[in-house]
Amino acid sequence: MLIRVVCAIKGKKLHTDLEQRLSNFDVQLKMLKKDKAQWQELVRSCADVFVVSKSLVPRPIESSVTLLNNLPEKPTIIILDDRESSEKHANLLASGADVVLYTGISQDSLMEAIESTLDSRRQFYYVDRLDQRGRIKPRLNDFVSNAEEMQRFLEEVQQVVASDSSLLLLGETGVGKEHLSKAIHAEGHRSQGPFIPINMAAIPEQLMESELFGHEQGAFTGAVRSRRGAFELAHSGTIFLDEIGEMSLQMQSKLLRVLQDLEFTPVGGETPVWVDVRVIAATNKDLEEEVQRGNFRQDLYYRLGVITLTIPPLRKRKQDIPALANQFLNMHNMKIGREISRFSPVTMEALCQYPWPGNIRELMNVIERAVLLCRSDTISIDNLPGTFQGRGSASKGLPLLNDLGINSWKGKPLAQVKKQVLHLVEKRYLEMVLEQTRGRVGEAADIAGIHPRGLYGKMKRLGLDKTDFKSR
């Protein structure tokens with residue numbers, strides 16, 4: 001994030017010296033002029049660091065310092081005192097000031113102390129906030145896949161991670177565009193900087209400019225304080241512009257200029273602000289078609305799409321569903337505090353057959369629901385939403401021929417094929433019955449119309465274990 005420094009300094013020489021030295025730092029600097037509203041302007045400046053002469057702090061000083069400490073930005077407060085008094089300096093620190101400096105020391109020492117404080121403030125933003133919220137930082141290996149199309153996609157992603165070029169992610173809703181953008185940020189050289197996500201579809205048109213570029217105090221009715229925009233917050237890191245296809249043509253032209261010059265002017269401001277950010281945009285729309293319709297600027301499309309990647313939908317990588325389902329099962333076990341160990345065969349088959357119009361996001365939500373509803377150590381088909389009922393081949397009573405691998409039996413003797421078919425059909429049928437009775441062999445035997453001892457023999461021959469279907 002671009003650090004804002006606001007200075008209220010008594011003494012023309014000190015004011016000038018500070019302005020010259022701090023202008024060379026990677027900060028947004030504002031030197032306040034001496035007038036009656038100086039303190040009010042300082043309080044409303046939305047600054048990260050205040051450098052204030054002690055004589056300009058309203059009395060009682062303790063109350064004024066407390067006011068600064070209670071601001072939303074939790075600012076760092078540096079107080080400059082033209083009198084050397086260890087006792088008074090200790091009192092200022094006790095009242096909440098972060099640093100108290102005597103202006104009688106050499107100019108170099110004074111500046112070095114202020115610059116050191118700025119470096120400390122910058123490190124404050126390099127904390128991994130995801131850990132504080134109990135989430136795992138996204139990594140590219142989250143996207144390991146057995147699907148050929150997805151593997152080619154991931155190879156392309158690896159090639160662009162180290163780049164600073166604008167990136168356009170395309171794909172259906174729920175395929176994981178934001179998660180991928182976080183992983184690209186985390187794996188790149190900007191990983192120590194902030195990641196700022198903005199959903200264009202969720203911001204009202206009249207607020208979008210302020211949301212992206214910030215505003216100054218008094219810029220419009222209700223703007224009682226200055227406010228940072230997303231681009232300023234993303235300084236030295238990555239900004240993720242989701243649903244970019246929902247942006248109006250007017251805002252598209254303003255965004256284009258920012259991408260070209262990497263600078264913007266806050267609403268109501270006069271001074272341009274330069275930022276260093278990588279832009280990753282995403283949409284589920286066909287932007288080429290939107291350009292032809294006149295809904296999206298062609299020059300912005302080319303500027304955003306220096307690198308364009310399309311994430312394959314889940315239905316084109318169904319072989320990854322078992323691994324993803326188990327990954328989400330473990331995640332929700334930890335989140336909810338459960339100890340569910342597996343999916344029943346019928347349940348996993350139903351998950352693999354489903355077309356997943358909501359992609360990864362839908363799969364994650366379905367697994368979370370199943371974990372909440374499950375009362376055993378195995379998720380059954382009953383724990384899934386109604387749309388999954390009847391999708392597992394065993395729940396239909398007979399397996400699908402393709403699922404039995406019929407294509408691999410071509411050329412084999414008919415007797416051998418018949419034996420294999422009967423073996424697989426019998427196994428699937430008994431899995432269905434044991435699933436229904438939750439591993440109770442006596443009830444399963446009644447349904448199957450055989451003696452329990454005979455059912456035990458069949459289960460042993462077919463490799464079925466009742467504990468795989470049992471409730472706790």
Side-chain angles (χ1 to χ4, degrees), residues 1-2 26 122-200 230-244 258-259 262 275-284 303-314 316-317 319-320 323-324 326-328 330-331 334-335 359-361 363-364:
M1 185 170 76
L2 186 61
D26 185 19
R122 185 172 287 108
Q123 292 302 316
F124 172 77
Y125 291 111
Y126 289 163
V127 176
D128 187 355
R129 292 177 175 80
L130 294 179
D131 286 346
Q132 294 178 2
R133 298 178 64 179
R135 299 185 302 183
I136 300 172
K137 195 171 185 178
R139 294 291 180 186
L140 286 178
N141 58 20
D142 295 343
F143 294 87
V144 171
S145 172
N146 295 317
E148 184 178 348
E149 184 176 356
M150 190 65 179
Q151 288 176 348
R152 288 197 301 268
F153 170 78
L154 292 173
E155 288 174 2
E156 294 177 349
V157 172
Q158 288 286 359
Q159 294 175 353
V160 306
V161 166
S163 170
D164 273 337
S165 299
S166 298
L167 175 61
L168 180 61
L169 297 179
L170 304 177
E172 298 176 4
T173 298
V175 292
K177 296 186 286 292
E178 182 170 350
H179 191 83
L180 178 62
S181 67
K182 288 179 179 178
I184 292 172
H185 169 77
E187 299 278 358
H189 66 90
R190 293 178 176 270
S191 60
Q192 294 301 306
F195 176 89
I196 305 297
I198 297 292
N199 188 332
M200 297 299 181
F231 272 89
E232 185 177 336
L233 292 172
H235 179 69
S236 77
T238 303
I239 185 170
F240 175 63
L241 304 176
D242 198 9
E243 304 293 355
I244 192 70
V258 176
L259 296 180
L262 289 179
V275 289
D276 171 26
V277 298
R278 183 182 192 181
V279 177
I280 301 179
T283 182
N284 57 7
R303 175 65 65 173
L304 287 171
V306 174
I307 305 168
T308 301
L309 298 174
T310 302
I311 307 178
L314 187 56
K316 292 188 177 180
R317 41 182 295 219
Q319 55 266 60
D320 293 333
L324 288 169
N326 282 295
Q327 177 184 335
F328 296 146
N330 293 332
M331 182 181 75
M334 295 177 60
K335 179 180 176 182
N359 291 290
I360 302 292
R361 184 184 299 139
L363 174 60
M364 185 185 299

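Side-chain contact check for His179 versus Ile360: every heavy-atom pair is 4.5 Å or farther apart. Looking only at side-chain heavy atoms (C-beta outward), Leu154 and Leu140 stay at 4.5 Å or farther from each other. Residues Met200 and Asp242 are not in side-chain contact: their nearest non-hydrogen atoms beyond the backbone lie 4.5 Å or more apart.
For His185 (side chain) and Ile196 (main-chain N/O), no donor-acceptor pair under 3.5 Å exists by modelled atom type.
Legend: residues meeting salt bridge (charged side-chain N to carboxylate O under 4.0 Å, His left out) with Glu187, ordered by chain and number and at least two apart, are absent. Scored by the salt bridge (charged side-chain N to carboxylate O under 4.0 Å, His left out) test, Arg152 finds Glu148 as partners (sequence neighbours excluded). With sequence neighbours left out, Lys335 forms a salt bridge (charged side-chain N to carboxylate O under 4.0 Å, His left out) with Glu368. The side-chain contact (heavy atoms from CB on, under 4.5 Å) check on Val258 picks up Phe213, Phe231, Phe264, with sequence neighbours excluded. For Asp320, the salt bridge (charged side-chain N to carboxylate O under 4.0 Å, His left out) criterion is met by Arg317, not counting sequence neighbours.
When all heavy atoms of Ser191 and Ala186 are compared, the closest pair comes out as CB-O, 3.2 Å. Taking both residues in full, the closest heavy atoms of Val161 and Ile184 are given as CG1-O, 4.0 Å, listed atom of the first, atom of the second, then distance. In terms of heavy-atom proximity, Arg278 sits nearest to Val160 at NH2-O, 3.2 Å.
Atom NZ of Lys182 is separated from atom CZ of Phe240 by 9.0 Å, given to the nearest 0.5 angstrom.
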N/O donor to acceptor pairs below 3.5 angstrom from side-chain atoms of residues 162-175, sequence neighbours left out:
| from | atom 1 | to | atom 2 | distance (Å) |
| --- | --- | --- | --- | --- |
| Ser163 | OG | Ser165 | N | 2.9 |
| Ser163 | OG | Ser165 | OG | 3.1 |
| Asp164 | OD1 | His189 | NE2 | 3.0 |
| Asp164 | OD1 | Arg190 | NE | 2.9 |
| Asp164 | OD2 | His189 | NE2 | 3.3 |
| Glu172 | OE1 | Arg315 | NH1 | 3.0 |
| Glu172 | OE1 | Asn359 | ND2 | 3.2 |
| Glu172 | OE2 | Arg315 | NH1 | 3.2 |
| Glu172 | OE2 | Arg315 | NH2 | 2.5 |
| Thr173 | OG1 | Asn284 | ND2 | 2.7 |

| task | Take Phe153 and Leu309 through the side-chain contact (heavy atoms from CB on, under 4.5 Å) test and state the conclusion after the steps. | result | CA-CA 8 Å; Phe153 170 78; Leu309 298 174; 3.6 Å; yes

